[in-house]
Amino acid sequence: MPTDNNDPVLPNEVHVEREKTKRTLIVASAITVVGVLATVLFFQNVTNRGGTLKVTDKGVEVTLEQPITTQLGTSSESVKAFGDSVSLTTGTISDSALKTIPGVKTDGAFSGQNFIDTASGFVLSSDRPSAWTVERMQDGMQRLSANDGSEITVKMEAASRTNDLDRLVHRLLDSLQRSGTKATSRIDSASKTAMIWYRDPITQQTVCVKYVQANNTIYTARATTKDPSSVNSLVRSVSGFTIIDKPIALKPTVKSPRLIVPSTRRLPR
């Protein structure tokens, strides 16, 4: 029998509707709590990795203020140089990973604390980026110089053999030994990474050099200074010098020309 729309609602129906509304509110509240908790944990993780959370009228923005190697979790090991424990990176950074970080400049300029040059293929961080003047030399070498006389140079040279890095490192160590200069080194053969640091008794400079062999290239980052207050900052920059991994393009397969043998036909006898 059809019901009249003007019929009063029964108490049981009211109770059922209230229960449905209550369950809906409970589910919605639970989803909201889980979402907020997940958001807080995510941005807490970002903050622990060196980011800061900023809420604007456009939404949530994350500004990374620490070295990119720290943000991406680049493999590294702890090394003590000149009395200061520093993180010596032994891994590389992928170009695709750099593209996931908003606001990063990749054309050979500082982006926050990070100097990134995707063309040359390296990342160098500094806790005083505004102090540096960047100059690209004609031979491809890049030089960063500061008013206190500190200098960082980065150069690249082709690596034709797998042991090129070892020869270069031991050549420097042998030269320092012959001159009576005491040097300390850390060589990681597995990652083809090496760092050497010493004080030059002749120039009175503190020197830190890092070598990395990657992308069929040997990269050398060398920092020098006479200012004792700049030593720790420079060593951290050089120890964190990291290569941007460039995948080797596969060469197109060259198909061998097919040999066509002319057919022969037996003549009737």
Side-chain angles (χ1 to χ4, degrees), residues 50 65-70 76 78-89 105-117 119-157 165 168-169 171-187 193-212 217-244:
E65 300 172 347
Q66 297 295 322
I68 285 181
T69 52
T70 303
S76 62
S78 181
V79 175
K80 198 165 187 178
F82 300 116
D84 185 31
S85 293
V86 295
S87 181
L88 175 65
T89 54
K105 300 176 184 178
T106 59
D107 55 352
F110 271 102
S111 179
Q113 291 191 1
N114 302 280
F115 181 87
I116 306 169
D117 191 334
S120 298
F122 70 87
V123 173
L124 178 76
S125 63
S126 174
D127 55 6
R128 48 172 188 162
S130 60
W132 298 106
T133 299
V134 182
E135 181 182 5
R136 189 182 294 271
M137 314 299 287
Q138 292 183 350
D139 57 0
M141 184 175 70
Q142 297 195 44
R143 181 169 62 191
L144 286 71
S145 54
N147 291 332
D148 62 1
S150 301
E151 185 175 282
I152 301 176
T153 58
V154 178
K155 70 175 183 177
M156 294 79 66
E157 54 186 306
L165 179 66
L168 196 62
V169 169
R171 184 188 305 168
L172 175 58
L173 290 175
D174 291 343
S175 175
L176 292 173
Q177 186 178 19
R178 287 194 300 269
S179 65
T181 302
K182 185 178 179 180
T184 308
S185 64
R186 177 67 181 96
I187 302 173
T193 301
M195 191 169 81
I196 302 171
W197 58 98
Y198 58 95
R199 288 190 171 93
D200 192 321
I202 299 177
T203 64
Q204 298 300 310
Q205 288 183 324
T206 299
V207 184
C208 184
V209 187
K210 183 176 182 180
Y211 300 98
V212 183
T217 303
I218 294 180
Y219 298 81
T220 304
R222 185 176 188 269
T224 60
T225 187
K226 289 184 179 180
D227 184 359
S229 64
S230 300
V231 172
N232 291 342
S233 176
L234 287 178
V235 172
R236 286 193 295 270
S237 292
V238 172
S239 65
F241 175 76
T242 304
I243 306 307
I244 302 172

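Here the straight-line distance linking atom CD of Q142 with atom CD of E135 works out to 10.5 Å at 0.5 Å rounding. Taking CE of M195 as the reference point, atom OG1 of T184 lies at 9.5 Å (rounded to 0.5 Å). Annotation: the span from K182 atom NZ to R199 atom CZ amounts to 11.5 Å, rounded to 0.5 Å. Considering OG1 of T106 and CD1 of I244, their distance stands at 8.0 Å, rounded to 0.5 Å. Atom-to-atom distance recorded for L172:CG and Y198:OH is 5.5 Å, nearest 0.5 angstrom. Between the CG atom of L168 and the CD atom of E157 there is a distance of 5.5 Å, given to the nearest 0.5 Å.
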Step-by-step side-chain contact (heavy atoms from CB on, under 4.5 Å) determination, I187 to L165: CA-CA 10 Å; I187 302 173; L165 179 66; over 6 Å; no
Could you walk me through whether I196 and Y211 satisfy the side-chain contact (heavy atoms from CB on, under 4.5 Å) test, starting with their C-alpha distance in whole Å, then the side-chain angles of each, then the deciding distance to 0.1 Å, before giving a yes or no? CA-CA 9 Å; I196 302 171; Y211 300 98; 4.1 Å; yes
Could you walk me through whether L173 and S185 pass the side-chain contact (heavy atoms from CB on, under 4.5 Å) check? CA-CA 9 Å; L173 290 175; S185 64; 4.1 Å; yes
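Shortest non-hydrogen contact noted between R186 and W197 is N-CZ3, 4.0 Å. Across T69 and G240, no two heavy atoms sit closer than the pair CG2-O, 4.0 Å. When all heavy atoms of G121 and I243 are compared, the closest pair comes out as O-CG2, 3.4 Å. For V238 against K210, the heavy-atom pair with the smallest separation is O-CD, 3.1 Å. For the residue pair Q113 and Q66, the shortest heavy atom distance occurs at OE1-CA, 4.2 Å. Between P129 and F110, the shortest heavy-atom distance links the atoms CB-CD2, 3.6 Å.
When the options D227, T225, T224 are evaluated for a side chain to side chain donor-acceptor pair (under 3.5 Å) with S150, the one that passes is T225.
Within the 4.5 Å cutoff, no side-chain heavy atoms of S125 are placed close to those of I68. The shortest side-chain heavy-atom distance between S237 and I152 falls under the 4.5 Å cut-off. Side-chain contact between T220 and M141 is absent, with no heavy-atom pair separated by less than 4.5 Å.
Under the 3.5 Å distance criterion, the side-chain polar atoms of S233 are left unmatched by any main-chain donor or acceptor of S230.
Around atom CG of D174, more than 12 heavy atoms belonging to other residues, nucleotides or ligands sit under 6.0 Å away.
Residues forming a ring pair (Phe, Tyr, Trp, His ring centres under 6.0 Å) with F122 (at least two apart in sequence, or on another chain): F115, F241.
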